[in-house]
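Just below is one structure, and these are the notes that go with it.
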Amino acid sequence: QVQLVESGGGLVQAGVSLRLSCAATGRTFSTYSVGWFRQAPGKEREFVAALSWRGRFTDYADSVQGRFTISRDNAKNTADLQMNSLQPEDTAVYYCAATTRSLGFRNRADYAYWGQGTQVTVSS
């Protein structure tokens with residue numbers, strides 16, 4: 001079992017940076033790949049970024065490539081999402097999730113564990 005708790009969301013202006021954190025409980029977190037998803041009002045939850053359990057493989061949605069960076073610290077059981085150059089279209093609830101897949105991270109159905117989400121609102 002893995003429990004995930006996100007933090008770091010907030011209301012920011014366009015162009016600034018924000019860092020989201022995901023804290024995991026459970027001794028096996030280091031064996032899971034971690035992903036970040038987001039869901040805007042009226043839209044489906046979409047893939048944002050993912051990182052394999054050893055940190056060897058990453059994947060980013062085209063919309064955030066070059067602006068967002070995912071990282072993890074298995075010793076601390078945490079995973080972060082650094083978001084730079086935020087835009088109003090980045091406004092959403094952001095979710096951290098864990099999967100046993102080591103590749104092919106984009107399908108949310110592959111993720112067994114989810115956090116409760118943290119709101120990010122970017123004003124223009």
Side-chain angles (χ1 to χ4, degrees):
Q1 284 280 348
V2 177
Q3 293 183 326
L4 306 171
V5 178
E6 304 93 337
S7 62
L11 172 62
V12 297
Q13 289 188 328
V16 304
S17 299
L18 202 60
R19 190 176 185 91
L20 304 182
S21 292
C22 175
T25 57
R27 290 177 291 178
T28 61
F29 176 68
S30 62
T31 65
Y32 287 85
S33 297
V34 63
W36 285 92
F37 289 75
R38 66 187 182 186
Q39 187 166 17
K43 295 187 177 181
E44 290 191 354
R45 193 170 300 187
E46 64 175 4
F47 170 78
V48 175
L51 178 63
S52 62
W53 65 282
R54 285 186 176 179
R56 291 181 179 178
F57 303 107
T58 59
D59 190 15
Y60 294 93
D62 290 345
S63 59
V64 307
Q65 180 77 47
R67 298 189 299 124
F68 290 12
T69 303
I70 188 172
S71 61
R72 68 187 299 164
D73 186 335
N74 286 339
K76 296 182 179 179
N77 274 6
T78 59
D80 291 350
L81 183 68
Q82 177 67 40
M83 306 185 295
N84 298 331
S85 301
L86 284 163
Q87 300 301 315
E89 52 265 34
D90 295 316
T91 295
V93 177
Y94 283 72
Y95 297 89
C96 173
T99 176
T100 56
R101 295 185 66 89
S102 56
L103 287 174
F105 307 119
R106 298 194 174 204
N107 188 349
R108 62 179 186 264
D110 291 328
Y111 289 77
Y113 302 104
W114 292 83
Q116 83 290 347
T118 185
Q119 176 71 48
V120 173
T121 303
V122 185
S123 63
S124 57

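Heads up: numbering here begins at 1 and tracks the sequence. Since this is a predicted model, take the numbers as computed values, not measurements.
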Verdict with supporting geometry, L4 and W114, side-chain contact (heavy atoms from CB on, under 4.5 Å): CA-CA 6 Å; L4 306 171; W114 292 83; 5.7 Å; no

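- In terms of hydrophobic clustering, with Ile, Leu, Val, Met, Phe, Trp and Tyr side chains grouped at heavy-atom distances under 4.5 Å, F105 and I70 are assigned to different clusters.
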Residue pair R101, N107: steps toward the side-chain contact (heavy atoms from CB on, under 4.5 Å) verdict: CA-CA 10 Å; R101 295 185 66 89; N107 188 349; over 6 Å; no

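- Under the 4.5 Å side-chain heavy-atom criterion for ILVMFWY residues, a single connected hydrophobic cluster contains both Y60 and Y94.
- The cluster map of Ile, Leu, Val, Met, Phe, Trp and Tyr, joined by side-chain heavy atoms under 4.5 Å apart, puts V64 and L51 in the same cluster.
- W36 and W53 end up in different hydrophobic clusters when Ile, Leu, Val, Met, Phe, Trp and Tyr side chains are linked at under 4.5 Å.
- Considering every non-hydrogen atom in both F47 and A61, the closest pair reads O-CB, 3.4 Å.
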Stepwise side-chain contact (heavy atoms from CB on, under 4.5 Å) check, Q116 with E6: CA-CA 7 Å; Q116 83 290 347; E6 304 93 337; 3.0 Å; yes

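- A distance below 6.0 Å separates the ring centres of Y32 and Y113.
- Of the possible donor and acceptor atoms, one in the side chain of Q87 sits under 3.5 Å from a partner among the backbone N and O of S85.
- Put simply, V122 and V93 are part of two different groups of oily side chains (I, L, V, M, F, W, Y) that touch within less than 4.5 Å, one to the next.
- Residues S102 and F57 share a closest heavy-atom pair of O-CD1, 3.9 Å.
- Contact annotation: the side chain of S21 never approaches that of K76 to less than 4.5 Å [non-hydrogen atoms, C-beta and beyond].
- When all heavy atoms are compared, the tightest approach of A24 to V2 is CB-CG1, 4.2 Å.
- F37 and Y111 have their aromatic ring centers within a separation under 6.0 angstrom.
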Test log, rule side-chain contact (heavy atoms from CB on, under 4.5 Å), inputs Q119 and T91: CA-CA 8 Å; Q119 176 71 48; T91 295; 4.1 Å; yes

